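Just so you know, these numbers come straight off a predicted model, no measurement behind them. Because only heavy atoms are used, hydrogens play no part in the values below, and waters and symmetry mates are left out as well, while side chains stay in.
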Amino acid sequence: MNYHGLNNLVWIWTANADDAAINWYPGHDYVDLVGIDIYPPAGDHNSQVTAFEKLKEIFEGRKILALSECGSIPDPDEMIADGALWSYFMPWYGEHTIPGEGTPHNSVEFWKKIMHHELVITLDEMPAHP
């Protein structure tokens with residue numbers, strides 16, 4: 001059935017790996033990507049490999065894994081070293097995206113590093129849309 005004529009939707013399902021909401025997972029046939037929200041301490045840029053491996057196990061390695069929300073963004077070099085290759089990250093707003101006094105989740109220098117890293121694809125590197 002093609003009720004609305006849409007053919008390019010991607011369904012992302014997000015829940016914490018320890019969350020009882022895992023029981024609400026609709027199934028592999030309905031979900032394209034699985035995400036998790038992770039808020040490590042400010043400035044902690046580790047790869048979050050433990051969460052990555054847990055999600056991979058829970059979803060039998062059948063889903064692309066993402067950081068649906070995060071505070072401090074994982075360092076791409078650590079992601080490569082640990083094999084925790086998140087498909088994308090989406091830092092929360094405010095203090096998580098704008099460096100300032102008190103809660104330096106992602107410094108200006110770190111933003112520059114990740115946005116120029118070969119593992120990170122930015123909008124200007126995306127193929128043109130027809």
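- Residue Ile64 is not grouped with residue Tyr25 when hydrophobic side chains (ILVMFWY) are merged at heavy-atom distances under 4.5 angstrom, including chains of intermediate members.
- Interatomic distance, CG of Leu65 versus OG of Ser87, reported as 7.0 Å (0.5 Å rounding).
- In this structure, Phe52 and Ser47 have side chains that are not in contact, with every pair of non-hydrogen atoms separated by 4.5 Å or more.
- Nearest heavy-atom pair, His28 versus Lys63, reported as atom, atom and distance to 0.1 Å: O-NZ, 2.9 Å.
- In plain terms, the two heavy atoms of His105 and Ser72 that are nearest each other are O-OG, 3.2 Å.
- Separation of the Tyr39 and His96 ring centroids falls under the 6.0 Å cut-off.
- Atom-to-atom distance recorded for Asp32:CG and Ile12:CD1 is 8.0 Å, nearest 0.5 angstrom.
- Connection of Met79 to Val120 is established within a shared hydrophobic cluster, with ILVMFWY side chains joined at heavy-atom distances below 4.5 Å, either directly or through further cluster members.
- Criterion: ILVMFWY side-chain heavy atoms under 4.5 Å apart, direct or through other members. Under it, Leu85 and Leu55 are part of a common hydrophobic cluster.
- Using a 4.5 Å cut-off on side-chain heavy atoms (C-beta onward), Tyr30 and Trp11 make no contact.
- If you run side chain to side chain contact (heavy atoms under 4.5 Å, CB included) between Thr14 and each of Val34, Leu33, Asp37, only Asp37 comes through.
- A heavy-atom distance below 4.5 Å is not found between the side chains of Ile73 and Trp86.
- Around CG of Leu9, the count of heavy atoms belonging to other residues, nucleotides or ligands within 6.0 Å exceeds 12.
- Under the 4.5 Å side-chain heavy-atom criterion for ILVMFWY residues, no single connected hydrophobic cluster contains both Tyr88 and Leu67.
- Salt bridge absent: Lys54 and Glu57 never bring a charged side-chain N and a carboxylate O closer than 4.0 Å.
- Transitive grouping of hydrophobic side chains (ILVMFWY, heavy atoms separated by less than 4.5 Å) keeps Ile58 and Val49 in distinct clusters.
- A distance of 13.0 Å separates OG in Ser68 from CZ in Phe89, rounded to the nearest 0.5 Å.
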Result block: side-chain N/O donor-acceptor pairs under 3.5 angstrom for residues 110-117, not counting sequence neighbours:
| from | atom 1 | to | atom 2 | distance (Å) |
| --- | --- | --- | --- | --- |
| Trp111 | NE1 | Thr97 | O | 3.3 |
| Trp111 | NE1 | Asn106 | O | 3.4 |
| Lys113 | NZ | Asp75 | OD1 | 3.1 |
| Lys113 | NZ | Asp75 | OD2 | 2.7 |
| Lys113 | NZ | Asp77 | OD2 | 3.1 |
| His116 | ND1 | Lys112 | O | 2.8 |
| His117 | ND1 | Leu119 | N | 3.0 |
| His117 | NE2 | Asp77 | OD1 | 2.7 |

